[in-house]
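All values below come from the heavy atoms of this structure, side chains included, with hydrogens, waters and symmetry mates left out. These numbers were taken from a predicted model, which means no experiment stands behind them.
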Amino acid sequence: MSRSTTPITWFEIGTDRPEDAEKFYGELFGWTFEEQAPANSGSYRVTGAGGDTGISGAIRATDGSSPNYAVFYAEVADVAETCQRAEAAGGRVLVPPRTTPSGLTSAHLIDPTGNRLGVFSPPPQQS
């Protein structure tokens, strides 16, 4: 029996402050949004933030000392600089930038509406 892999191709951020969330992600990543809600169904703002490359994911085991979570990660050129821009846009750094032995750098942020997100930079290419 073969198993197929289902890629993650969508994320959704639920918030009672959609204007603040749209402003935050627009300022931080340059994302643009388009309202696509059917009449009388509430706001649903769609973005093509994933571009042509899509997104991947993983399961991280925790030691149980923090709550379980689901988060999306955005690939950025500079994690520390992105953390500074996130704070300037009204967010905060939850887990400061950290670099793995392989060179991958990541951080966790909180957007102004209380949602958690991650940012990362892949390891430098070896030549």
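Between F29 and W31, the two ring planes are tilted [angle within 30° to 60°].
Nearest heavy atom pair, residue I13 against residue F72, reads CD1-CE2, 3.7 Å. Heavy atoms only, all atoms of each residue included: H108 and G118 are closest at CD2-CA, 4.1 Å. Taking every heavy atom of both residues into account, P112 and R17 meet most closely at O-NH1, 3.1 Å. A pairwise comparison of heavy atoms in C83 and P97 identifies SG-CG, 3.8 Å as the closest pair. Closest approach of F24 and A86 over heavy atoms only: CE1-O, 3.5 Å. Closest non-hydrogen pair, P96 versus A107, comes out as C-CB, 4.0 Å.
A continuous path of hydrophobic side-chain contacts links L104 to V93 [ILVMFWY only; heavy atoms under 4.5 Å]. Two different hydrophobic clusters hold L94 and V71 under the rule that ILVMFWY side chains link at heavy-atom gaps under 4.5 Å.
Taking CG of D20 as the reference point, atom OG1 of T113 lies at 7.5 Å (rounded to 0.5 Å). Taking CZ of R116 as the reference point, atom CG of L109 lies at 10.0 Å (rounded to 0.5 Å).
Screening residues 21-33 for salt bridge (Lys or Arg N to Asp or Glu O under 4.0 Å) gives E22-R45, K23-E27 as the qualifying pairs, with residues at least two apart or on separate chains. Judged as a salt bridge (Lys or Arg N to Asp or Glu O under 4.0 Å), the pairs with a partner in residues 82-111 (not counting sequence neighbours) are, in order, E81-R85.
The ring pair (Phe, Tyr, Trp, His ring centres under 6.0 Å) test applied to F33 returns no partner, not counting sequence neighbours.
Using a 4.5 Å heavy-atom cutoff, the side chains of Y25 and T47 are not in contact. Under the 4.5 Å side-chain criterion, counting only non-hydrogen atoms from C-beta, N115 is not in contact with I110.
In this structure a side-chain-to-backbone donor-acceptor pair under 3.5 Å is missing from T105 to S121.
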